[in-house]
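Working notes, structure below.
Heavy atoms only: backbone and side chains are in, while hydrogens, waters and symmetry mates are out. One-based numbering along the sequence shown.
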Amino acid sequence: QVQLVESGGGLVQAGGSLRLSCAASGRTFSTSAMGWFRRAPGKQREFVARIYWSGGMAGYADPVKGRFTISRDNAKNTVYLQMNSLKPEDTAVYYCAAKLGYPVNYNPENFNNWGQGTQVTVSS
């Protein structure tokens, strides 16, 4: 098991920025990739971004490409999500997730461990 704790959410105006952090502990050596997902009110959980621990290759959902950047600090077992040019439609609870082993895809069901979530609210 990998324990995940997110932080950094909050209220921001449209066009603003936030940086989310996700600290991992436990069996982090088994983790192949980390992902960020979000769930907006009345909608299903959706993929936002993911990054491989080894090599750092990242992937993004189309709505956030060019605005969000996922990164990781292996020494701190922490993953970040830098969110710029935020829009009201980015409002959601953001979740960090860990994938143990391979293969890795964008499906939330593919990820094994989840954080408790952090609220991001973007006002217009």
Side-chain angles (χ1 to χ4, degrees):
Q1 291 287 335
V2 177
Q3 292 76 44
L4 304 170
V5 179
E6 302 103 330
S7 61
L11 173 64
V12 64
Q13 288 189 332
S17 299
L18 281 174
R19 188 176 82 155
L20 306 183
S21 299
C22 174
S25 60
R27 294 174 58 90
T28 57
F29 57 87
S30 298
T31 302
S32 56
M34 299 290 291
W36 285 98
F37 295 80
R38 65 186 182 186
R39 176 176 283 154
K43 295 187 178 181
Q44 293 200 354
R45 184 171 47 184
E46 65 175 2
F47 168 77
V48 175
R50 67 102 178 94
I51 188 167
Y52 287 96
W53 273 123
S54 177
M57 186 171 63
Y60 299 91
D62 286 342
V64 308
K65 281 182 181 177
R67 300 188 298 122
F68 290 12
T69 302
I70 188 171
S71 62
R72 87 267 191 252
D73 184 330
N74 292 40
K76 296 182 178 180
N77 286 331
T78 300
V79 175
Y80 304 97
L81 186 67
Q82 178 66 44
M83 305 185 295
N84 299 328
S85 303
L86 283 161
K87 305 175 181 180
E89 51 264 43
D90 293 318
T91 295
V93 177
Y94 283 71
Y95 297 90
C96 175
K99 168 61 181 174
L100 308 181
Y102 294 90
V104 182
N105 60 45
Y106 300 151
N107 188 336
E109 303 300 324
N110 183 241
F111 285 74
N112 305 95
N113 300 114
W114 292 81
Q116 80 287 351
T118 185
Q119 177 70 47
V120 171
T121 303
V122 184
S123 63
S124 57

Taking a hydrophobic cluster as the set of Ile, Leu, Val, Met, Phe, Trp and Tyr residues connected by side-chain heavy atoms closer than 4.5 Å, whether directly or through intermediates, do [X] and [Y] fall within one such cluster?
| X | Y | value |
| --- | --- | --- |
| M57 | L81 | no |
| V93 | L86 | no |
| L18 | L4 | yes |
| F47 | I51 | no |
| V120 | V64 | yes |

Looking only at atom types and distance, does a side-chain atom of [X] sit under 3.5 Å from a main-chain N or O of [Y], one as donor and one as acceptor?
| X | Y | result |
| --- | --- | --- |
| Q82 | T69 | no |
| N113 | V2 | yes |
| S32 | K99 | yes |

Within 6.0 Å of CD in Q116, more than 12 heavy atoms from elsewhere =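 Yes, CD of Q116 has more than 12 neighbouring heavy atoms, counting only those of other groups under 6.0 Å.
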Quick one: are [X] and [Y] in side-chain contact, heavy atoms under 4.5 Å?
| X | Y | answer |
| --- | --- | --- |
| L100 | R27 | no |
| K76 | S21 | no |
| T91 | Q119 | yes |
| T28 | W53 | no |

[atom2] on [Y] to [atom1] on [X], rounded to 0.5 Å:
| X | Y | atom1 | atom2 | result |
| --- | --- | --- | --- | --- |
| E46 | F37 | CD | CZ | 10.0 Å |
| S30 | Q1 | OG | CD | 10.5 Å |
| R38 | R45 | CZ | CZ | 14.0 Å |

Aromatic ring pairing Y95/W114, orientation class (parallel under 30°, perpendicular over 60°, tilted between) =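 Perpendicular, since the angle between the ring planes exceeds 60°.
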Taking all heavy atoms of [X] and all of [Y], pick out the closest pair and write down the distance.
| X | Y | answer |
| --- | --- | --- |
| P88 | S124 | CG-CB, 3.8 Å |
| Q3 | G26 | OE1-CA, 3.6 Å |
| E109 | N107 | N-OD1, 2.9 Å |
| Y106 | G59 | OH-CA, 4.2 Å |
| S85 | S17 | N-OG, 4.3 Å |
| F111 | N105 | CE1-O, 3.3 Å |

Test E6 against L20 for side chain to side chain contact (heavy atoms under 4.5 Å, CB included), laying out the working first.
-> CA-CA 7 Å; E6 302 103 330; L20 306 183; over 6 Å; no
Pairs flagged by ring pair (Phe, Tyr, Trp, His ring centres under 6.0 Å) wherever residues 60-83 is involved - sequence neighbours left out |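 Output for this query is empty, none listed.
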Residue list, salt bridge (charged side-chain N to carboxylate O under 4.0 Å, His left out) with R67, at least two apart or on another chain =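 So R67 forms a salt bridge (charged side-chain N to carboxylate O under 4.0 Å, His left out) with D90.
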